[in-house]
Structure formats: C-alpha cells, structure tokens
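As a basis for the values below, the full set of heavy atoms in this structure was taken, side chains included, without hydrogen atoms, waters or symmetry mates. Predicted, not measured: the structure shown is a model, and the values here were computed from it. Residue numbers begin at 1 in each chain, while the letters A, B, ... track the order of the sequences.
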2 protein chains.
Amino acid sequence: MHADQIDQGATEPRSPHQPRRRYPKGELRRQQILDRTVEVFAELGFENTSLRAIGEAIGVSHAALRRYFDTREELFLEVLREKDRQALAEALEHELLPVDLASGLEAYAAGAPGLMALRHSMVARAMEPDNELSRAFFTDRYRSLRGEAAHTLALGRAAGTVRGDLPLEVLASLVIAAMDGLSTQWLLEPEVPMLDGMHALEQLLRPPGSATS
Amino acid sequence: MHADQIDQGATEPRSPHQPRRRYPKGELRRQQILDRTVEVFAELGFENTSLRAIGEAIGVSHAALRRYFDTREELFLEVLREKDRQALAEALEHELLPVDLASGLEAYAAGAPGLMALRHSMVARAMEPDNELSRAFFTDRYRSLRGEAAHTLALGRAAGTVRGDLPLEVLASLVIAAMDGLSTQWLLEPEVPMLDGMHALEQLLRPPGSATS
DNA sequence: GTCTATACAGGGATAGAC
DNA sequence: GTCTATCCCTGTATAGAC
C-alpha cells in the first residue's frame, strides 16, 4: 500500500522529469538530497529550507535538485514517503504491528521533531485548494493509518482489552486523531504528557468490567 | 485570558510600529484587512496569500498593510486572535461553555475550512525553531483550550456522565487532541465522520455502569 | 495618520550551455 | 548531470506625498 512506487531496474518509459534512476550515482544522489533535506529542515524550518539552502548543504546548485524532484513540494512529499517506508520496514522487522497504542505513538512521533513539523506543514498545505499532490498523499496516508489502527484494535478486542460496543472504524479514526493531536501539543510544549494521554485512551477503550491495568 | 490586548482609548506609549488606533478610520481599515485576509486565504491558500494579493483585494498597496501589522506572520496571528475573540464572545452570549463535547468540536472547526487551514499552517510554524511569536500564541491557546475542556469535563463528572478514575488534565489534553486530529482528517476527506468520532469519545468517557445514551 | 512609490535581497521555476 | 543566467514573484524597508 505504501510502497507503490518501487521501480528499481524497471526499463519502461516513465513520466517526464522523473529520472530513470537505474544508475547508482543518481540513486545515491537522490538519497543524499532526501537525507540532507531533513537535516536542513530541522535546523531552519519550512520557510528557510529553500532549494538553494539544501543545494548548498550538499555542494550543488539549486537547479541540480530539479533533476530528481520536479518541485519543492514534491521533494518534501518524497521525504515523508521515504520516512514512511523506513518506518514500515522497521516495524515489520521488529515484529508485526504494535499491539500497544502508546508505543505506536512513539513510533509515530518518531523522536524527530523536525520531521513532525514538516509533516504538519505539508498536511496544512493538503487542506488548501489546488494542492492535489499533497492532498492525495495524505488522504492515502490517513486511510492507511486508520487501517492499521483498526487492525490493532481488532486484535485488542480479541484479547479482551478493547470494548466491543463501538464501531472499529470510528475508534480507529479517533485513535489516529489522538496521536496527531497529542503530538501537536507535545511539540509545542514538551511538558505536556503525551504518553499519559495515550495511556488514558487505552484505559477508556477497555471493556467496562476489565482489570485496571 | 484571551483578551489581554484590549486597548481602546488607551493613551500610554506603545511598542514601535503598533499604531495607536485611536481614530475610527484606522480601526475600520484594520478590521477590513483582517476580514479580507480570511477570504483571500480561503481562496488562494497560504503561499499565494501574499501581502500584495490582500492589498489588491482591498484596493490598497501592500505597503499600507504594514501600518497595521509589522509582519505577515503577525497579520495571520491577529486573524486567529480575532476569530478566537469572536468565538469566545459568541459562546458567552449563547450560554456558558458547551457541556456537549461534539458541539464544542463544531464550534472549534467553525464551519470555516479556510480558517482551519490557516490555523494548521500557523501551528506548524509554531513548532519550528525561531518562531517565538507563533509558538507563544499557540502554547497559550492550547493552555486555554485544555482549561475549558477540563472545566467541561468537571461539569460532566458532577453530572455523572464522565468517569472519575483518570486525571482531568490528561483527559482534557486528550479531548482537545481528538478535536484537532478529527478535524484534520475531516478537512482532508469530508467523508470521514468527524462527529461520530467525538460521540465515540463521549461514550468512552462515561462511567462504566452508566446508561448508553 | 494614512498611503504610494520604490528599492532590495531572496525565493521557485526554467532555458540552454557544457 | 550539473551549471549559470534569467524570469517574475515574495516579504521587508524606507522616503516622502497628502
């Protein structure tokens, strides 16, 4: 679902301005740009992370970046896509999906405030008119997240830790919303106990008669 | 708490570039700028809502706007401050605080998607380094929102509709987070049932033994 | 007090040379 | 694949008209 754009070794024609990326050099350069972008963004923020600033951090001109990404927006989206892929790969390696919601939030916020800030900026863009690319990315992403949450909740239901009197899809949406909103408050003010909020939600989700912990 | 900057008729000296605004014309112009900014933003989005675009919508040069607002960021923040004041005034008029969380969300999202998108853009900025003005505004705002939510929850507790085994502040943070996150998903994809999510949270908050509705 | 005109540094996008 | 040069747009700043 997430990785619908894997194309290593493909030889078919492709959309204009999307480089072939069959050669190691271009592939490495592309990855370097993505990595540096995160770093520069964490330091300078959305407005100041210009193509020129990223290029300077790498040692190339801003125009060179456009061989790999059509626009700044696409570059940023690709950074987020890449991080999602990494997170998914890591989750599959460590175990299957996290049964614990709070640990899911930690993975979600991912210890990288800069990355979360980038996500927030891009989500905001996606709500605006004439931003089809960003909107498509995030509607997809939230759909995926809700699906994963629904799955985790279903497991909890089977294990007796999640009550069964409310629709799964609604609860899934609520869980994702709580993660989003709690991380927002936490990023603004680190004293806000983000994990306590998530644990509270876990408590609320328990069936009425079950044990307190 | 919210209205800490009411200064009509004040005669004290003020910070540089903040006009006195004792004269009706300037006051009206200022209000006009705030109103038009929301409209232009709803149509064009964050990037394209330039000072020049706003000025053009009013019939004034972009430089004129700076008589009223030091920077674009401050203009946007003032738009949000103004909307918060209006919402507060309206809430006080219609009744005291909303006892119903779901209706609170409707007031929160406020039927104005453009405004919510502006809020999201500005919150994102507030998380980044070197954005003290935005950060101060939103930490304040979230503190206020959590306070109001805690108050509403306390009333619910007294009325027997909110369980008493979890700390109020944590639940308040969770409630605000849910509003934020649900409105995000809803703005991206209007089919997502925002109010259902909030009603589900209300159900979850009920004491274990209480009636289902 | 209110506003226009103007200048400036920096941004993303782009064309064409190498 | 990368560069330089260029286009038009942006926020900010200042000078001076009225």
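- Atom C1' of nucleotide C:dG1 and atom CD of B:Glu27 are separated by 14 Å, given to the nearest angstrom.
- Here the P atom of nucleotide D:dG11 and the CZ atom of B:Phe69 are 15 Å apart, to the nearest Å.
- The CZ atom of A:Arg30 sits 14 Å away from the P atom of D:dT2 (whole-angstrom rounding).
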Exercise for review: Assign a letter to each nucleotide of nucleotides 7-18 of chain C from its 5' end: B, base within under 4.0 Å of a protein heavy atom; S, sugar-phosphate only; -, no contact.
Suggested key: B---SBBB----
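- Contact check on A:Asp84 versus A:Arg119 returns a salt bridge, with a Lys/Arg side-chain nitrogen under 4.0 Å from an Asp/Glu carboxylate oxygen.
- At C:dC3, one or more side-chain N or O atoms of B:Tyr68 fall inside 4.0 Å of OP1 or OP2 (strictly under the cut-off).
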Run the side-chain donor-acceptor check on residues 176-183 of chain B: report pairs under 3.5 Å with partners two or more places apart or on a different chain.
unit_1: B:Asp180; atom_1: OD1; unit_2: B:Tyr108; atom_2: OH; d: 2.5
unit_1: B:Asp180; atom_1: OD2; unit_2: B:Tyr142; atom_2: OH; d: 2.4
unit_1: B:Ser183; atom_1: OG; unit_2: B:Met179; atom_2: O; d: 3.2
unit_1: B:Ser183; atom_1: OG; unit_2: B:Asp180; atom_2: O; d: 2.8

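- Taking the charged nitrogens against the carboxylate oxygens, B:Arg135 and B:Glu132 have no contact shorter than 4.0 Å, which rules out a salt bridge.
- Put simply, CD on B:Glu56 is 13 Å from P on D:dG11, counting in whole angstrom units.
- Within the 4.0 Å cut-off from OP1 or OP2 of C:dC3, not a single side-chain nitrogen or oxygen of B:Ser61 is found.
- A salt bridge does not link A:Arg30 to A:Glu82: none of the charged side-chain nitrogens sits closer than 4.0 Å to a carboxylate oxygen.
- Here A:Glu90 does not pair with A:Arg85 in a salt bridge; the nearest charged N to carboxylate O distance is not below 4.0 Å.
- In this structure, B:Arg125 places its CZ atom 13 Å from C1' of D:dG11, rounding to the nearest Å.
- One atom, NZ of B:Lys25, and another, C1' of C:dC3, lie 8 Å apart when rounded to the nearest Å.
- Closest non-hydrogen pair, B:Glu128 versus A:Ser121, comes out as OE2-OG, 3.7 Å.
- Nucleotide D:dG11 holds its P atom 8 Å from the CZ atom of B:Phe76, rounded to whole Å.
- With rounding to whole Å, B:Leu65 atom CG is found 19 Å from C:dG1 atom P.
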